[in-house]
Amino acid sequence: MKKVLFSFAVAVLAATMVSCGNKTAQNAEGQDSAAAEEQTEQKAEEPQQEVKIEDQTEISSDIYTIKVPEGWKARSRMVSNSCVLGLKEPPFTTASPNYVSYIDLDRYKAEREKEGSKAIDNITVNGREYVVFENENKNGSLYLGAATPMEKGTFQVKLSTGAHKLTKEEAKAAITANLKTILENVSFK
């Protein structure tokens, strides 16, 4: 009886080994395709990695899109139709484009004059005319503001300079060029 049980156990073990050997090759193939399918499903389920603020190349709202110009960096995401961009070269300019539905062009002009800004020549960029105002504070920072009318309200951009060692004329020329660069990269929806 012991011999019979022993022989039976050996036969079962041999059968198991033969059948497993064949299935292992099939399982390896099946596992490879199953693993690839699982990875694909995981990628589809994973939320897309959020782009770092400074790595954004385009910022959009339901009113406009701004492409981040070369040399500029995004400093914020779009929040309530407003964002912030920065240029890290003299005169270290900050630009804040914004759509304001409750301020028409006349009110925009009145507010700039009230704060002491001076109207300068209008500019036309991409077929839109912008009124432009300039101002300078006590520490020498320059400000440029531009606005164009929309169906409701205005699209506005405010630029300001940071610390720099440029002459006043050089800084003024640079911030004026920066205003045009920002406006050239805005497209309306």
**Q** Check for me, please, whether Val125 and Ile63 land in the same ILVMFWY cluster - side-chain distances under 4.5 Å, paths through other members count.
**A** yes
**Q** In terms of hydrophobic clustering (I, L, V, M, F, W, Y; side-chain heavy atoms under 4.5 Å; direct or indirect links), are Ile120 and Leu179 co-clustered?
**A**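 Shared cluster, yes.
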**Q** Does one hydrophobic cluster hold both Leu105 and Val100, with members joined at side-chain heavy-atom distances below 4.5 Å?
**A** yes
**Q** Checking Glu129 against Asn122: is there a side-chain donor and acceptor pair closer than 3.5 Å?
**A**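 Indeed, the side chains of Asn122 and Glu129 share at least one donor-acceptor pair under 3.5 Å.
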**Q** Would you indicate whether Asp121, at its atom CG, is surrounded by more than 12 heavy atoms from other residues, nucleotides or ligands within a distance under 6.0 Å?
**A** no
**Q** In Å, rounded to the nearest 0.5 Å, how long is the span from NE2 of His164 to CG of Leu142?
**A**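 So the NE2 of His164 and the CG of Leu142 are separated by 5.5 Å.
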**Q** Does Tyr108 form a side chain to side chain contact (heavy atoms under 4.5 Å, CB included) with Phe133? I'd like the steps, not just the answer.
**A** CA-CA 10 Å; Tyr108 175 83; Phe133 286 81; 4.0 Å; yes
**Q** Distance to the ring centre below 6.0 angstrom and angle to the axis at most 45 degrees; does that hold for Arg107 and Tyr102?
**A**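 Checked: cation-pi criterion not met.
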**Q** Salt bridge (charged side-chain N to carboxylate O under 4.0 Å, His left out) with Glu115: which residues, sequence neighbours excluded?
**A**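 Only Arg112 meet the salt bridge (charged side-chain N to carboxylate O under 4.0 Å, His left out) criterion with Glu115.
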**Q** How long is the gap from OG on Ser160 to CG on Asn135, to the nearest 0.5 Å?
**A**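 Ser160 OG to Asn135 CG: 11.5 Å, rounded to 0.5 Å.
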**Q** Is Ile66 reachable from Leu183 through a run of hydrophobic residues whose side-chain heavy atoms are each under 4.5 Å from the next?
**A** yes
**Q** Let's go through Leu159 and Thr176 carefully: what are the C-alpha distance in whole Å and the side-chain angles of both, what is the deciding distance for side chain to side chain contact (heavy atoms under 4.5 Å, CB included) to 0.1 Å, and is it a yes or a no?
**A** CA-CA 9 Å; Leu159 279 80; Thr176 302; over 6 Å; no
**Q** Quick one: do Glu134 and Lys118 make a salt bridge, cutoff under 4.0 Å?
**A** yes
**Q** May I ask whether Tyr99 and Ile103 are part of the same hydrophobic cluster, defined by side-chain heavy atoms of I, L, V, M, F, W, Y residues being less than 4.5 angstrom apart, directly or through others?
**A**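 They do not share one cluster, since no chain of ILVMFWY contacts under 4.5 Å joins Tyr99 to Ile103.
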**Q** A quick test of your reading: do over 12 heavy atoms of other residues, nucleotides or ligands sit less than 6.0 Å from CD of Glu54?
**A**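 More than 12 within 6.0 Å, yes.
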**Q** Under the ring pair (Phe, Tyr, Trp, His ring centres under 6.0 Å) rule, collect the residues that match up with Tyr64, sequence neighbours excluded.
**A** Phe155
**Q** Evaluate the side-chain proximity of Trp72 to Ile182: yes if any heavy-atom separation is below 4.5 Å, no if none is.
**A**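 They are in side-chain contact.
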**Q** For the NZ atom on Lys52, are there more than 12 heavy atoms of other groups (residues, nucleotides or ligands in this structure) within a distance under 6.0 Å?
**A** no
**Q** Using the rule given for salt bridge (charged side-chain N to carboxylate O under 4.0 Å, His left out), can you reason through Glu50 versus Arg77, listing the C-alpha separation, both sets of side-chain angles and the distance that settles it, and then say yes or no?
**A** CA-CA 11 Å; Glu50 195 170 279; Arg77 299 193 190 288; 2.9 Å; yes
